2 protein chains.
Amino acid sequence: MEIQQQFEQFLSQRGMKHTNERREIFRAILDMDAPFDVDKLLFYLKQQGEKTSKATIYRTLQLLLESGLLRTISLSPAAARDTLYSLCGKYRAYDHLVCTGCGKVRDIEKQQICLSCQTITKELGYKLESHSLRIFALCPECQAKGIKTC
Amino acid sequence: MEIQQQFEQFLSQRGMKHTNERREIFRAILDMDAPFDVDKLLFYLKQQGEKTSKATIYRTLQLLLESGLLRTISLSPAAARDTLYSLCGKYRAYDHLVCTGCGKVRDIEKQQICLSCQTITKELGYKLESHSLRIFALCPECQAKGIKTC
DNA sequence: ACTTATAATGAGAACGAGTCTCAATTGCAG
DNA sequence: CTGCAATTGAGACTCGTTCTCATTATAAGT
Ligand SMILES: [Mn+2]
Ligand SMILES: [Mn+2]
Ligand SMILES: [Zn+2]
Ligand SMILES: [Zn+2]
């Protein structure tokens, strides 16, 4: 099924209206070519002549999170600002390797991580839903430059 | 070495002063019996008659993070509020299993996770520093109660 | 189509965690 | 002790996020 239709179906299931704003916001999200924050989305919509309000964007993002179509990304263990969002499945990996020197982020795809999560939850009788792994490490370039962290 | 002395040594290495405020804040952190936020720390210190300021608490927490004695915890992938802190080593695991139903958090200790992180960073020529894994799953109790998420 | 009830939106005020400023205080080297 | 740079406290400030409420749009019922 088309992803737009999945959202509309989600709205219907909840007895919510299919508004023009919800459509436009979702379309803008589909246009994003990297994880985005609210500012970026708002700017993009303004550019296109939409006068969507900040409040409606936050409300729609919340709906998309609840629908399971969108997820948040937290790259830094501290960062309590500027939430990043990404469509589920748009980028293959949910796991990230973050360079503590230059901040560069790589996606990780390691079957072993998924298997470990399955093992852990199975052993404890939990029903696995998702996971998020962040590895903090110094990239080869930063090692060469002699950048130190901590 | 005593952990208090490790902090004082860190301050000395940086040529920073051993102030009463830094001592009292660290003592309060040692008294915490669970991951804490700044509010809780501030309240605890007020209770004890200390009139430490919010600014100094943030400044000292930052120093403790840099010293490697303290870490932050991010349990929810969304939460952009109220950072949680915990002494390194106070709770054994850095990885958490979070119930998406009741929010209950368990520590995870799985050697396999550490090994995977080592493998991943080694393959890419990175120098591993740390990692943080959060597994989101429904606990047995919540499954029994028929609580659904998403 | 038209009406109507009500869900949704927009504008901006409010909120709150975290940061910054600067005058007053404190630690500590000499 | 003294002198001075480092540190602190009070509170203003920032800015991402949430809330409020008057206005507007959706969709069910006719
Ligand atoms: Mn931004
Ligand atoms: Mn709190
Ligand atoms: Zn790097
Ligand atoms: Zn549970």
Side-chain angles (χ1 to χ4, degrees), chain A residues 7-28 35-46 48-67 70 72-85, chain B residues 4 7-28 35-46 48-67 70-85:
Chain A
F7 183 40
E8 307 220 327
Q9 187 180 320
F10 171 79
L11 292 173
S12 297
Q13 280 169 1
R14 289 221 180 167
M16 302 179 89
K17 294 178 177 172
H18 298 195
T19 69
N20 192 53
E21 284 77 11
R22 286 175 179 157
R23 255 190 306 276
E24 288 304 317
I25 291 169
F26 195 31
R27 203 173 50 67
F36 57 92
D37 62 16
V38 167
D39 269 358
K40 194 169 178 197
L41 203 51
L42 196 52
F43 182 74
Y44 185 75
L45 285 162
K46 293 281 181 224
Q48 309 219 328
E50 303 289 336
K51 55 181 178 46
T52 321
S53 73
K54 203 175 40 160
T56 299
I57 288 185
Y58 277 107
R59 288 187 284 235
T60 304
L61 288 174
Q62 181 56 38
L63 283 177
L64 284 164
L65 290 176
E66 289 170 16
S67 77
L70 196 75
T72 56
I73 298 178
S74 51
L75 294 179
S76 142
R81 293 296 183 91
D82 244 326
T83 309
L84 286 179
Y85 299 86
Chain B
Q4 288 101 326
F7 183 39
E8 307 220 326
Q9 187 180 320
F10 171 80
L11 291 174
S12 296
Q13 280 169 0
R14 290 223 181 165
M16 302 180 89
K17 293 178 177 171
H18 298 196
T19 68
N20 191 53
E21 286 75 11
R22 288 175 178 156
R23 255 191 306 276
E24 288 305 317
I25 291 169
F26 195 33
R27 203 172 49 68
F36 58 92
D37 61 15
V38 168
D39 269 0
K40 193 167 179 196
L41 202 52
L42 196 51
F43 182 75
Y44 186 76
L45 285 161
K46 293 282 181 224
Q48 309 218 328
E50 303 291 335
K51 56 181 174 52
T52 321
S53 72
K54 199 176 45 151
T56 299
I57 288 184
Y58 278 108
R59 289 187 283 235
T60 304
L61 288 173
Q62 182 54 38
L63 283 177
L64 285 165
L65 291 176
E66 288 169 17
S67 78
L70 195 74
R71 66 190 174 102
T72 56
I73 299 178
S74 52
L75 294 179
S76 145
R81 296 296 183 90
D82 245 326
T83 309
L84 286 179
Y85 300 85

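Naming: A, B, ... by sequence-line order, numbering from 1 per chain. Predicted model only: the values in this text are computed from it and were never measured.
- Note: CE (A/M16) to C1' (C/dT9) measures 12 Å, nearest angstrom.
- Rounded to a whole Å, the CD atom of A/E24 is 16 Å from the C1' atom of C/dG10.
- Distance CD/B/E24 to CG/B/L45: 7.5 Å, rounded to 0.5 Å.
- Residue A/D37 contributes atom CG, which lies 8 Å from atom P of D/dT17 at whole-angstrom precision.
- If you check C/dA11, C/dA8, C/dA17 against the side chain of B/D39, the one that comes closest is C/dA17.
- Nucleotide D/dA6 holds its C1' atom 12 Å from the CG atom of B/L63, rounded to whole Å.
- Looking at the side chain of A/R22, the nearest of the listed nucleotides C/dG12, C/dA8, D/dG9 is C/dA8.
- Remark: A/L11 CG to A/T19 OG1 distance equals 7.5 Å, nearest 0.5 Å.
- Between B/R23 and B/Y85, the residue anchored closer to the 5' end of DNA chain C is B/Y85, taking for each the nucleotide with the nearest heavy atom.
- For the atom pair CD (A/E50) and CZ (A/R27), the distance works out to 6.5 Å, reported to the nearest 0.5 Å.
- Straight-line distance from the CD atom of B/Q62 to the P atom of C/dG18: 12 Å, rounded to whole Å.
- Looking only at distances, a side-chain donor or acceptor of A/H18 sits under 3.5 Å from a matching main-chain atom of A/E8.
- Phosphate contact (OP1/OP2 of D/dT8, side-chain N/O of B/T52, threshold under 4.0 Å): absent.
- Here the side chain of A/Y58 is nearest to one of D/dA10, D/dT18, C/dG18, namely D/dT18.
- A sub-4.0 Å separation between OP1 or OP2 of D/dG9 and a side-chain N or O of B/T56 is present.
- Minimum atom distance to the side chain of A/K17 is reached by C/dA7, of the listed C/dA7, D/dT8, D/dG11.
- Of the side-chain N and O atoms in A/T19, one or more sit less than 4.0 angstrom from OP1 or OP2 of C/dT9.
- Of all nucleotides listed (D/dT17, D/dG9, C/dG10), C/dG10 comes nearest to the side chain of A/E21.
- For B/K54 and D/dG9, a side-chain-to-base donor-acceptor distance below 3.5 Å is absent, hydrogens and geometry of angles not being considered.
- Nearest nucleotide to the B/H18 side chain, out of D/dA27, C/dC28, C/dA13: C/dC28.
- In this structure, A/G15 and A/I57 both approach DNA chain C, and ranking their closest nucleotides by distance from the 5' end singles out A/G15.
- Here C/dT9 is the nucleotide among D/dG9, D/dT26, C/dT9 with the atom lying nearest to any side-chain atom of A/R59.
- To the nearest angstrom, C1' of D/dT18 lies 13 Å from CG of A/L61.
- C/dT9 atom P lies 12 Å from atom NZ of A/K51, rounded to whole Å.
- A/F26 pairs by the ring pair (Phe, Tyr, Trp, His ring centres under 6.0 Å) definition with A/F7, not counting sequence neighbours.
- The minimum heavy-atom distance linking A/F10 with A/L63 is given by the pair CE2-O, 3.6 Å.
- The distance from atom CG of B/L45 to atom P of D/dG9 is 10 Å, rounded to the nearest whole Å.
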